[in-house]
Amino acid sequence: LDNYSDRLLRCFSAVFPHLPKEKIPEASSDTVTALDSVMMVTLVAVIEEEFGLTFEFEDIDHLSSYSSILRVLEGRGTAQSLRD
Amino acid sequence: MKLIQALETVNRQWDADAPGRHFFLACSFTPLHLLTFLRAYLRLRFPSARTEVNTGLYGDLPGNLVRLEEMEPGAAAVVVEWSDLDPRLGMRQLGGWGLAAISDAVATVNANLQRLEREIRRVAESRDLALSVPTLPLPPCFLGPGWIESTEEADLRSSVASFARRLIEIPRVRVLNQQRLQQLSPAGERYDPRSDLQNGFPYQQSHADVLASLLAALMVETPLCKGIITDLDDTLWRGILGELGPQGVTWDMAEHAQIHGVYQQFLDAMAERGALIGVASKNDAGLVEDALNRPDLHIRRERLFPVEAGWGRKSESVSRILHTWNVGADAVIFVDDNPAEVAEVEFRHPQIKGRHFRGEDPQAVLALLSELRDCFGKRVVTAEDGIRSASLRSNQALQERASDTGSWEAFLQQMDARIQISFQDGPSDTRAFELINKTNQFNLNGRRFTPGEWQARLAGNNAVLATVSYHDKFGPLGKIAVLLGAADPARAVVRIETWVMSCRAFSRRIEYQCLRQLFERFQAKEIVLDFMPTPRNAPARDFIAKFGEPCAEFRITREQFERNCPPLYHSCQEVAAIG
């Protein structure tokens, strides 16, 4: 699952280039002022492309921080592994 | 390019002293990923510049055209979609899809196209515009099944095509080629209804990527290649000349060799538009000459120059051709059916682009021709394009005769050299603009201009633009030198910011005559040259070195000039405009 966090770190770095790498795991809409709706759309698009998945409308409301996104990705990855 | 790569490209650090390049994206949807991709592609075109792309307001394309005029000068992309022309042709507004509404939408689209055309014409007076007309599919609101073209759909497409056709005529507007877009981004894979409804951004990422790359290419013209060096056997024609003889090689349908005829026809057209076409072939020179003189060849014999036929290495032939053309390897493409020959030439000339001609695969040849068109495709053909090959030929004759006479001085004296100089050619002089942006060797500082920068510079106070043409008994060279600067009559100083001269004009002392004409025309006591060394401008540096150690702000007084100027034998005439 480390691979998920590395890839997600790269996504966050690309969308928020001024956010120091060590701060990314703590990033959320409360701590990152730049994480507005437009940046959220960009972040979601980058993550969807990077991980080859599509978030539902209702999922996106819960993707408000690095940790919540990582949980969703790991959950989807686990579900996919079980299906495989 | 993936979105994450585009973001990482945009995020790369600039040098602290990087010059700024300003652009504008005018559309009415949320620009989102189109903006990111456009920023990335522009960044790739100007890796050392601080590229900035501004945008306007959501839902207001005409207003954004007004807003862009208030921005820094720079090229702009204007992206129009059906919903900008009538919101009923999109999905974000529910204005009805009844028959009356659709009929009314056609009328609205026509009215909005007229309005948009007026705005675009006005904005294009002061800056370069890249225009993309609707790329997304029309909604499923028309009468009849989708495989039958309805009257309204045909009318809408016809209106947009006419709109684009009219705007193509405007020099500073470049319209995106729909065929190229269709090749790279199939129509059925462009629209993203989910993103459109959720975010107001209507494109699939792949479509945004392709559209941005093409818009960037429209906004910033890349330097064109100058020459193609082609092989003969199984390339310009099918068959081995040494085995089949001049009458045995083929390029027609009957011999299943038509694709070689297509290649000949293509090269002939490129030569007409100013590309240099040379030949490098491992063959007997006499046989080659006989074959090239066949009347059914689809490229005129005189358009192939020089022809290097012999048994040495291809890379050596290429070296001689580059020397004759006096162009850098990076401006040349080498085409050969033998991958080993391509590799050998690329090894010896790493900057040359080698291309494999695969005559057995017409699809591959077509792709090659398409690539060559992109590398050489000029929008405007000038008089100089038609005489380029002939003047190189006469240049070679000049060098040969000069070595025969023994005295270069005596030779120059009897050349009957005539120079015309104009100080009145203006922004519409496409040849001057082209020469500045493609000349590397005799180039004062390597500075390039966008069309907008060029026009702004010419409009500056006391701007001086001198264009120079040359003719001697060996034939015309056409317009071969351009000087741009500013005159300060009070101090009797002329400052030259840009000075280029075609490599075809070397060895004739035209550069000395240019300075003499400036001294005389402006009664100048001093000329200041804004010199800067580049990896390629040794000829300009060597010329300046005749007067002193080359440096920035290099100053030449009239006395200094006359002391170091060799005898000049040109007859000079100032004209209003060089024809």
Side-chain angles (χ1 to χ4, degrees), chain A residues 2-25 27-29 32-66 68-70 72-74 76-77, chain B residues 1-14 18 25 27-41 43-44 50-59 91-92 185 189-212:
Chain A
D2 281 350
N3 191 30
Y4 282 102
S5 55
D6 288 347
R7 289 159 70 193
L8 188 57
L9 274 173
R10 184 181 170 209
C11 295
F12 265 78
S13 280
V15 179
F16 305 106
H18 301 299
L19 191 61
K21 283 218 165 36
E22 64 277 10
K23 297 273 184 196
I24 289 176
S28 73
S29 52
V32 182
T33 50
L35 217 169
D36 58 14
S37 57
V38 172
M39 295 312 282
M40 195 65 206
V41 170
T42 304
L43 180 62
V44 166
V46 168
I47 293 170
E48 287 182 336
E49 185 183 55
E50 174 63 24
F51 290 88
L53 50 82
T54 304
F55 292 113
E56 300 302 326
F57 288 143
E58 50 273 21
D59 288 342
I60 293 172
D61 292 339
H62 304 296
L63 305 176
S64 57
S65 67
Y66 173 88
S68 63
I69 295 170
L70 187 59
V72 170
L73 290 174
E74 288 171 346
R76 286 206 178 192
Chain B
M1 187 187 293
K2 289 171 68 176
L3 184 58
I4 195 165
Q5 293 168 321
L7 286 162
E8 288 169 347
T9 303
V10 171
N11 293 339
R12 280 183 210 152
Q13 291 296 308
W14 283 299
L25 170 61
C27 60
S28 75
F29 51 82
T30 310
L32 218 59
H33 312 319
L34 180 66
L35 178 61
T36 303
F37 282 117
L38 186 61
R39 282 183 168 143
Y41 282 111
R43 185 75 204 276
L44 291 175
R50 182 182 295 273
T51 47
E52 291 177 15
V53 185
N54 290 304
T55 59
L57 297 181
Y58 177 83
M91 298 224 296
R92 288 181 63 86
S185 178
E189 297 168 17
R190 297 177 184 174
Y191 185 49
D192 185 342
R194 173 177 174 260
S195 173
D196 189 17
L197 296 174
Q198 198 173 334
N199 309 316
F201 179 69
Y203 297 152
Q204 295 280 353
Q205 269 166 239
S206 56
H207 182 55
D209 174 26
V210 169
L211 187 56

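Side chains are part of it too, since the values below use all heavy atoms of this structure and drop only hydrogens, waters and symmetry mates. Quick note on labels: first sequence line is chain A, next is B, and so on, each numbered from 1.
Within 6.0 Å of atom CD in B:Gln13, 12 or fewer heavy atoms from other residues, nucleotides or ligands are found, so the atom counts as exposed in its surroundings.
In plain terms, the two heavy atoms of B:Leu3 and A:Thr42 that are nearest each other are CD2-O, 4.3 Å. Listed here is the closest heavy atom pair of B:His33 and A:Val41: CE1-O, 4.3 Å.
The closest donor-acceptor contact from the side chain of A:Glu50 to the backbone of B:Ile4 lies at 3.5 Å or more, if one exists at all.
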Using salt bridge (Lys or Arg N to Asp or Glu O under 4.0 Å), reason through A:Glu48 and B:Lys2 one step at a time and then give a plain yes or no. CA-CA 11 Å; A:Glu48 287 182 336; B:Lys2 289 171 68 176; over 6 Å; no

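Distance check, rounded to the nearest 0.5 Å: CG of B:Leu7 to CZ of A:Arg10 gives 10.0 Å. Here the straight-line distance linking atom CG of B:Asn11 with atom CZ of A:Phe16 works out to 11.0 Å at 0.5 Å rounding.
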